[in-house]
Each structure stands twice: as C-alpha cells, then as structure tokens.
Amino acid sequence: MEVIMSDIAGNVEEATLKFAPDSRMQWLKGKVCIALDISDSVFDAFLKDEAARSCLTGFLDASELCLVFFTEESRSGLEDGSLERLKTENGASSADANIEVEQRGVKVLHACTNHFADDRTFRTVMYFVKLETGRIKPEQVDRTVEYGVLPLGPSLSTLEQLLFQLFIPALARDGAPGEASFWASEDANIMEHTGSELLSSMRRFSLQVLSANQLLTGDAQLFIPAVSSESLQKAEVDYELVLQLETVVTDWVQAIDIVIRQETEKDILENNPLVELEFWRERSNALSRLYEQLNFYTAKKVLAVMEAGSTNLDLLGSFKTRFAELAKMFREAKDNVKFLTTMERHFKTIKVGPLPRVLEIISPMMNALRMVWIISRYYSDDAHMASLMERIACQIVEKVRGEINLKIIFNIPANDASFKINTAKSVLEAWSKVYLEVREHIEVVGRDPRWEFDRIRLFEQTGYMACICTDLLHILEVYYDFHNFLGPELKAVTGDSQGIDSVVQKVAAMVEPLEKLPFDIFDKSYALQWSATVSNFNTEKDIIEHLTKAFIDTSFKKLRSAEGT
C-alpha cells in the first residue's frame with residue numbers, strides 16, 4: 001500500500017492525537033525526521049490521512065514486515081494562500097526557512113509497505129524491517145526493528161556497496177560462521193557448513209550484481225546507436241551514416257582489445273582450487289558485459305548496415321576476428337565456471353570442513369575430476385588438469401598443516417590426538433590412493449584419455465607429510481604408554497610415588513623439544529632436522545625405559561626385603 005499525502009495544509013492536531021501517546025510512533029518520527037531532513041510538522045501532516053495511519057498500524061501492530069519512507073516535492077497546498085496558512089498554523093513567519101517549503105513546492109512525506117510504486121523516482125529512502133512477526137512491543141522496538149538509509153534510493157549501486165562493504169566482510173571475518181549469536185543456533189557443524197555455503201553464495205551473487213551494475217553504468221558500457229530497419233536499404237547511399245558507424249565499430253574493436261589484454265594479463269595467484277573457480281567467475285563476468293552488448297540485436301543491426309555499405313573491409317575483418325576471440329574466451333570461462341562449480345562443495349570441504357569429512361569427499365571429488373577431464377575442452381588438456389589437481393593437493397596440505405599443531409597435540413586426550421593424526425594420515429594417503437584407483441579404471445575401460453600427470457608435483461608433499469604423521473603416531477604412542485604405565489596403580493604397588501613422579505617428569509621433558517621446534521615439521525626442506533629430532537626422541541625413550549626398568553627392579557627388591565624381615 002502506498003500513501004501519497006498531497007495536501008499538507010490544515011490543522012493536524014486532531015489527526016495526530018491518536019498516535020501521540022504511542023512511544024513507537026515517536027521513535028519512528030524521530031528517526032525519519034533526521035534521516036529525511038524534514039521537520040516534525042511534515043510528519044504530523046503525513047498522519048492526517050487515514051490511509052497513512054493504517055499503513056503504520058499494519059507495520060507496528062500487524063503482519064507487514066517492511067516499512068519505507070521517502071519524500072518528494074509537491075506544489076499541492078501552494079494555491080489560494082495555503083502556503084501562508086501552513087506556515088501560520090505551524091507557528092512560523094513567511095520568512096521562516098525551517099518549514100519544508102521551497103519556491104518550486106513543498107516537501108511531502110510518503111510511506112509504503114513491502115513494495116515500491118512503479119512510477120516513482122526515488123531519492124533518499126529510509127526503511128524499517130521487523131525481525132519478528134506480529135506486534136512490535138514498545139519496550140522492544142530497538143531490538144526487533146532494523147532500520148537504515150539508502151541515500152541514492154533502491155539501486156544496484158547501493159546493493160553492491162552493502163554486499164561488498166558490509167555483509168560479506170561481516171560473514172567472512174574470522175569466527176563469524178561459528179558464532180551462535182550470528183545464526184541463533186548452538187550446532188557448530190550446522191553453523192560452519194551453513195556459514196561457508198552462505199558466504200560462497202553471497203560472493204557469487206555480489207559478482208552478478210557487480211556485473212549487472214557495470215553493464216548498465218560502468219566503463220564496459222558501449223555506445224550502440226539505434227539503427228532503423230530502413231537504414232539497411234539506405235546503407236549504400238547514406239555515406240554519412242556508414243562513416244559514423246565505422247567510428248563506432250572502431251571503438252568496439254578497441255574496447256575488445258582492452259578487455260582481452262586485461263584478462264590475459266591476469267593470473268591465478270594462489271594454490272587453491274576455490275581461487276581458481278573465482279578467477280574464472282570474475283573472467284566470465286568481465287567478458288560477459290562486453291560480449292552480451294555486442295551480441296545484442298541493436299549491435300547486429302549496426303554490423304548489418306556496415307556489411308551492406310562499408311568499404312572498410314579491414315575494419316570489418318578486424319572486428320570479426322577480435323569478437324571471435326572474445327566469444328571464445330567468454331565461452332571458455334563460462335564452461336570452466338560450470339564444471340568447477342560441480343566440485344565447489346568438495347573444495348570448500350577441504351578448506352573449512354573437519355578432517356573426517358575431507359576423507360569422505362576424496363573419492364567423489366576424484367570421480368568428478370575424471371568427468372571434467374572427459375567433458376571439458378579446457379581441462380582435457382594435461383597441463384590444465386594437472387594444475388587444478390596440484391592446487392587441490394596444496395589445499396589438502398594446508399588443511400593438514402593447520403590441523404596438526406605440536407604445541408597442543410600432547411595436551412589433549414590421547415584418543416583425540418591419535419584420532420586427529422590418524423585421520424590426517426588417511427586423508428594424505430587417500431589423495432594418492434584414490435587417484436591411482438581412478439587412473440587404473442580409466443586404463444581398464446580404455447575409452448578415455450589416460451591420466452599421465454607428474455606424480456612428484458601431485459603426491460611428493462602429501463606422501464612426505466603422511467610419513468611425518470607416522471612418526472607422530474609413534475611419538476604419541478610412546479608418550480601415552482609411559483604415562484599409562486607410570487600411573488596410580490604402579491605407585492600403589494611400589495609405594496614409591498616420588499620415584500615414579502621423577503620418571504614422569506623425564507617423560508614430559510621428552511616432548512618439550514617437539515613443542516618448541518623452530519621449523520615446520522611438514523616442510524621437506526627440514527627433513528634432516530626432523531629425522532634428528534625423532535632420533536633424539538627415541539634415544540630419550542630408550543634411556544627412560546632403562547631407568548623405569550631399574551626403578552621397578554629396585555622397588556621390588558625393597559618389597560621382598562621388607563617381606564623377609
């Protein structure tokens with residue numbers, strides 16, 4: 001429902017009496033008057049109308065969820081001395097500049113709920129959105145109503161800025177996807193999964209908004225003159241028209257050259273499959289703006305006139321060549337987005353999911369890679385597919401590196417620590433194992449091209465890290481075996497708590513060097529240092545085993561001696 005208050009002259013006291021005691025109305029009035037730069041009198045005049053009061057009541061007390069205010073200039077009320085009457089009734093002189101009256105008209109307040117009128121040109125808009133259905137309680141208005149101002153009115157530019165500057169940064173900040181207050185939920189798995197999905201969808205939507213905005217108003221907007229159908233018959237004789245269109249097409253060729261050069265100079269800067277997907281999305285959006293304009297019927301009319309009347313064959317040939325190159329790049333980017341999107345959920349799982357879930361998706365992801373290898377023109381190339389798979393391997397490496405932290409691994413329960421490292425080792429081994437299984441399947445079937453990728457690039461790092469995990473499992477087993485053995489039961493049997501505590505301290509000292517290592521244990525360039533660290537640990541283990549054995553032998557000798565006396 002839209003309310004248009006065109007007559008703001010007259011006495012407004014009776015109309016506003018109904019809402020005077022309502023603190024919610026006063027709250028709305030204060031916000032609107034400041035945001036839209038209007039005086040109280042304009043808002044009070046707005047409340048004269050029964051439809052206006054019904055509009056506000058629908059929002060405050062009923063089911064309407066959104067309320068929008070905006071103003072416009074109107075000459076209503078300026079005739080027959082009503083301008084002077086309006087000022088007088090509001091206690092202002094004819095020279096008072098605070099009344100919203102200008103030479104060309106009067107500021108009039110409008111409101112609508114849940115939709116905008118199609119025939120309005122909006123400037124500044126203020127909106128209110130209810131977070132809960134039903135009546136807004138006066139004491140909860142600040143907590144149950146979101147509000148804001150759109151200085152340019154509802155527009156793609158405003159939506160673009162809200163997405164890029166507010167919502168995406170708020171969701172992408174560290175910890176946001178896991179905050180219970182953000183999702184009104186306590187389930188960490190649901191919050192993490194939903195947060196990741198929403199952030200990805202929001203980023204895709206924001207790129208679509210950006211593309212549409214740039215297509216309509218941005219630098220990629222081409223000048224495409226309107227050419228009538230009659231111009232096709234006149235082309236051979238209308239020399240001036242052909243010359244003008246030649247200038248236009250020359251600009252098109254330059255625009256294509258600039259976009260193609262800009263895109264070919266870009267590269268995928270991170271070893272991350274999600275970054276590769278975003279790279280192709282951005283390229284698809286960048287090229288689509290130009291491609292769709294030049295593929296539109298108005299552009300085709302221009303080219304038809306050129307072909308009919310222009311003698312500049314070089315220009316036409318240059319345009320066709322460059323447009324064909326643009327179309328090829330656009331189709332390639334669009335196809336790559338389509339194929340990579342089928343694996344996006346797997347890529348996101350590797351990046352933010354728990355290790356057990358990463359282990360689960362290795363096999364379906366590898367099968368999806370095989371299908372892309374078969375169907376895609378771009379990724380059927382060995383170099384391109386190998387590059388994508390290398391990025392996946394790098395993401396797996398980073399995932400495991402982030403999960404295994406030696407500074408805390410010895411301070412968590414033994415079962416949890418062992419499970420984490422065992423799962424990480426299984427993920428690393430599954431990456432190569434499943435690859436070889438799929439490769440063998442391709443060879444057995446004999447229908448599709450073989451996978452002959454560089455195994456060093458794909459599996460050297462993951463294989464090395466799996467070996468490190470084996471070392472860590474050995475260290476953990478030794479560490480916790482000592483702790484379990486040197487526990488309360490042994491103290492009770494030997495009766496020498498002090499001696500056992502002394503050995504336990506030596507066990508704790510065994511892992512202190514591991515917790516303080518100055519290098520990344522998963523970095524193969526430190527393989528010698530890691531080998532020396534494990535060797536030192538094993539040496540300390542042997543020493544403590546001898547001490548423990550000697551301690552136990554001594555303790556039992558004392559016990560037998562005591563029994564003999």
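What you see is a predicted model; the values in this text were computed from it and never measured.
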Checking E540 now: which residues fulfil side-chain hydrogen bond (donor to acceptor under 3.5 Å, both in side chains) with it, not counting sequence neighbours?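 Here no residue qualifies.
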Decide yes or no for [X] and [Y]: does some side-chain heavy atom of the first lie under 4.5 Å from some side-chain heavy atom of the second?
{"X": "E515", "Y": "N411", "answer": "yes"}
{"X": "E263", "Y": "K266", "answer": "yes"}
{"X": "V372", "Y": "L388", "answer": "no"}
{"X": "F459", "Y": "T462", "answer": "yes"}
{"X": "R135", "Y": "L60", "answer": "no"}
{"X": "N285", "Y": "E282", "answer": "no"}

Under a 3.5 Å distance rule, please check whether [X] uses its side chain to pair with a backbone N or O of [Y] as donor and acceptor.
{"X": "D267", "Y": "L269", "answer": "no"}
{"X": "K524", "Y": "Q461", "answer": "no"}
{"X": "S376", "Y": "W373", "answer": "no"}
{"X": "T539", "Y": "S535", "answer": "yes"}
{"X": "S418", "Y": "N415", "answer": "no"}
{"X": "K130", "Y": "G134", "answer": "yes"}
{"X": "T423", "Y": "F419", "answer": "yes"}
{"X": "K433", "Y": "S426", "answer": "no"}
{"X": "S531", "Y": "L528", "answer": "no"}

Do Y379 and F339 have ring centres separated by under 6.0 Å?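 Ring-ring flag for Y379/F339: false, centres at least 6.0 Å apart.
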Hey, what's the ring geometry for H384 with Y378, parallel, tilted or perpendicular (30° and 60° as the breaks)? parallel
Angle class for the F453/W451 ring planes (parallel below 30°, perpendicular above 60°, tilted otherwise)?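 Ring orientation, 0 to 90° scale: tilted.
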Strictly by side chain to side chain donor-acceptor pair (under 3.5 Å), give each pair with a member in residues 359-370 just once, sequence neighbours left out. R357-E360
So does [X] pair up with [Y], basic N to acidic O under 4.0 Å?
{"X": "R377", "Y": "D335", "answer": "no"}
{"X": "E443", "Y": "R450", "answer": "yes"}
{"X": "R24", "Y": "D61", "answer": "yes"}

Is it the case that atom [atom1] in [X] sees more than 12 heavy atoms from other parts of the structure closer than 6.0 Å?
{"X": "E437", "atom1": "CD", "result": "yes"}
{"X": "E440", "atom1": "CD", "result": "no"}
{"X": "Y526", "atom1": "OH", "result": "no"}

Distance in Å, [X] [atom1] paired with [Y] [atom2], rounded so as to fall on 0.5 Å steps:
{"X": "L274", "Y": "R391", "atom1": "CG", "atom2": "CZ", "result": "11.5 Å"}
{"X": "I404", "Y": "I521", "atom1": "CD1", "atom2": "CD1", "result": "8.0 Å"}
{"X": "F482", "Y": "K541", "atom1": "CZ", "atom2": "NZ", "result": "7.5 Å"}
{"X": "N272", "Y": "K351", "atom1": "CG", "atom2": "NZ", "result": "5.0 Å"}

